[in-house]
Amino acid sequence: MNILSSSQFTPDNIQKIFTLADDIQKNPNQYKNILDDKIIASIFYEPSTRTRLSFESAVQRLGGKIISAENANEMSSAKKGETLADTIRVLNGYCDGIVLRHPSDDSADIAAEVAEVPVINAGSGAREHPTQALLDLYTIYKQKKTLDNLKIAFVGDLKYGRTIHSLIKLLAKYKNNTVYGLSQKELSLPSQYIDIFNQYHHYHAIHSIDDLPKDLDVIYQTRTQLERFESAHQGQFEMIIDNALLNSFNKDLMLLHPLPRGPEIAADCDQNPRAFYFQQAHNGIPIRMAILVYVFKQ
Ligand code: NCD
């Protein structure tokens, strides 16, 4: 089984992964040797701290072994002109599963086409980041105890933010959710994601921070993905959230961010009880452990 896109999940198998993540945290000893027959390759063609290290930690906590290229653009044979497909064909003989991050939107699909072992998409261009979306959703679920009837605002770079693209597809699978998208016009959410969400729900594009409803359940703030801009940018794109603004929302609002953050969340928010972004990053371990168990042992 591959993990390529958040579209592949149903509420049932999402619940299965969440239940596994809960059980792994309660009974870590029962899982500590479960991948002891597996070698996982972690191949990253783009920078990463959380995704790569939490995957590698998750593999090791399950007793598996890791081989890795952490700077695959420079340090793998990609530098010598090897195609992604050829690299994957070679890795087929070296490992039992591949965790891949790559700047091309279709990289995970290209890899899955030639892979003879499971491929887990750890970020494909601006398109998808399904394991991040699962840990984001888990963070919301642990706090809110439901994934229905939520009011969520995505803020920042909605055009290139792959974590948003994967998460909005998951939110579309539940009942009666409302999403507000706050960005400058240049960074609006592409229509294909709006269309998926609007099949069952309501998406509202807004362009001023003053238009954010005060009774939101979640604000999901993001970094401007300057590395994906087609031409040099002019001006400032960040919609900055500081502690004073954060305090103007309901007490039970959750502020999430996939991290790394730039200036878009002021440091004075960190102690605010509404700030959940570090807890969110820590949920990467149980969720990625659960995904690995789901892929290799179910
Ligand atoms: C995100 C990514 O790589 O898409 N980071 C992550 O995986 N936590 C978000 C980002 O880089 O802005």
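When a ligand or atom number is given, it counts from 1 through the structure's own listing order.
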Do the two ring centres, one from Phe229 and one from Tyr160, sit under 6.0 Å apart? yes

Measure from the side-chain N and O atoms of Thr224 to the backbone N and O of Leu226, and report whether any donor-acceptor pair falls under 3.5 Å. no

Sequence neighbours excluded, the answer for ring-ring contact (aromatic ring centres under 6.0 Å, His included) partners of Phe55 is none

Does a donor on one side chain sit under 3.5 Å from an acceptor on the other, for His165 and Gln192? no

Taking 4.0 angstrom as the limit, do Arg89 and Glu116 come out as a salt bridge? no

Within the 4.0 Å heavy-atom cut-off around ligand 1, the contacting residues, ordered by chain and number, are Arg50, Thr51, Arg101, His129, Gln132, Arg162, Thr163, Arg223, Gln225, Pro258, Leu259, Pro260

Using a strict 4.0 Å threshold on nitrogen-to-oxygen distance, state whether Lys297 and Asp37 make a salt bridge. yes

